[in-house]
Amino acid sequence: MNRLLTRRRFLIGATVTASTLGLSGCDAGSESELTKSVLRLAEGLTMKTQRLLLGDAALAREFGEADLSPVFRTNGTTMPDNARYIAWMNSQFSTWKLEIGGLVERPVQLSLDELKALPSRTQITRHDCVEGWSAIGKWTGVPLGMLLHAAGLKPEARYIVFHCADQYEQATDGAGWYYESIDLVDAFHPQTILAYALNNRALEVAHGAPLRLRVERQLGYKQAKYLARIEAVADLAQIYRGRGGFWEDRGYEWYAGI
Ligand SMILES: Nc1nc2c(c(=O)[nH]1)N[C@H]1C(S)=C(S)[C@@H](COP(=O)(O)O)O[C@H]1N2
Ligand SMILES: [Mo]
């Protein structure tokens, strides 16, 4: 226990350097190219160190009911402002479907009811935002690995990309849509779930209704809300600006280990 705590403290310490290097908050700063390349170098080391110390299957800490935060803050988009999402919302998400495609043998589309009928996992975990706040919440959802097994990943698949229904910024190159990606180690990790409930209640719009990713060993911005499409890919370079996520495309670490 103590050894684990010490390791976690060490890892937290390693992550905090991102903010001391000038990345404060989720706003796109004007980091220099040098800062960005230093961050990318440090990120490789952090991921390797974390995987080396903790192993692939190490679990994020889980808490008890008594630890739940009275209020779970919201951040980033809290109400996607586009016709497709608003139509889904007005139908209580009965017209929404999650698409799973890309490098899979059997592309599928699943309704919210179909997802809720599958075996679920519930976990009480701490969400850590890079802006410096945390909240403990109880998430219920479908293990991502189960869905990927069902869809059948092709051998070339190396990353899972999460396409969201919110446009965070109007970008002339079309890269304003929120998206995220993880590798297969995190995709098949037992605590990686697609959550449809927070604290025993249907996910609210502000928290990413109807479905959001929980990838518990990484920071808040990896927890993609408003999921619309999941894509298995061999390479992240072809997607938007090529760094694997909306904030990653703007200088943040791709492996945002806690
Ligand atoms: N689609 C989408 N997902 C997102 C964001 C966003 O703006 N859009 N913000 C991220 C950030 S920075 C954080 S801290 C968490 C906030 O989740 P919450 O609003 O449920 O607290 O969602 C993450 N996922
Ligand atoms: Mo965040």
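Atoms within a ligand are numbered from 1 in the order they appear, just like the ligands themselves.
Across Trp139, Trp133, Tyr221, a single residue satisfies ring pair (Phe, Tyr, Trp, His ring centres under 6.0 Å) together with His127, and that is Trp133. Checking Arg217, Glu216, Glu62 one by one against Thr125, the side chain to side chain donor-acceptor pair (under 3.5 Å) holds for a single residue, Glu216.
The proximity of Asp166 to ligand 1, defined as any non-hydrogen pair under 4.0 Å, is limited to the side chain. Of the heavy atoms in Tyr178, only side-chain atoms (C-beta onward) come closer than 4.0 Å to ligand 1.
Residue Trp133 approaches ligand 1 through these ligand atoms, each under 4.0 Å from one of its heavy atoms: 14 (S), 21 (O). Atoms of ligand 1 found under 4.0 Å from any heavy atom of Cys129 (numbered from 1 in listed order, with element): 14 (S). Every atom of ligand 1 is numbered from 1 in the order shown, and the set under 4.0 Å from a heavy atom of Cys164 is 1 (N). Atom numbering of ligand 1 starts at 1 in the shown order; those under 4.0 Å from a heavy atom of Ala206 are 19 (O). Listed by number with element, the atoms of ligand 1 under 4.0 angstrom from any heavy atom of Thr77 are 6 (C), 7 (O), 8 (N). Listed by number with element, the atoms of ligand 1 under 4.0 angstrom from any heavy atom of Tyr168 are 7 (O). Listed by number with element, the atoms of ligand 1 under 4.0 angstrom from any heavy atom of Phe72 are 21 (O). Ligand-side atoms of ligand 1 in range of Arg73: 18 (P), 21 (O), range being under 4.0 angstrom from any heavy atom.
Looking at Arg212, His207, Gln223 and measuring to atom 17 (O) of ligand 1, the nearest heavy atom belongs to Arg212.
Contact between Glu131 and ligand 1 is absent, with no heavy atom of the residue lying under 4.0 Å from the ligand. The closest approach between Trp177 and ligand 1 stays at or above 4.0 Å for every heavy atom of the residue.
Ring to ring, Tyr168 and Trp247 are close: their centroids are under 6.0 angstrom apart.
Taking OH of Tyr255 as the reference point, atom CD of Glu248 lies at 13.0 Å (rounded to 0.5 Å). Here the straight-line distance linking atom CD of Glu231 with atom OH of Tyr179 works out to 11.0 Å at 0.5 Å rounding.
By the 4.0 Å N-to-carboxylate-O rule, Asp166 lies too far from Lys225 to be salt-bridged with it.
For the pair His207 (side chain) and Ala197 (backbone), a donor-acceptor distance under 3.5 Å is absent.
Residues passing the side-chain contact (heavy atoms from CB on, under 4.5 Å) test with Arg158, sequence neighbours excluded: none.
Inclusion of Asn75 in the set of residues having an N or O under 3.5 Å from an N or O of ligand 1 is warranted.
Identified under the side-chain hydrogen bond (donor to acceptor under 3.5 Å, both in side chains) test for residues 140-155, with sequence neighbours left out: Thr122-Thr140.
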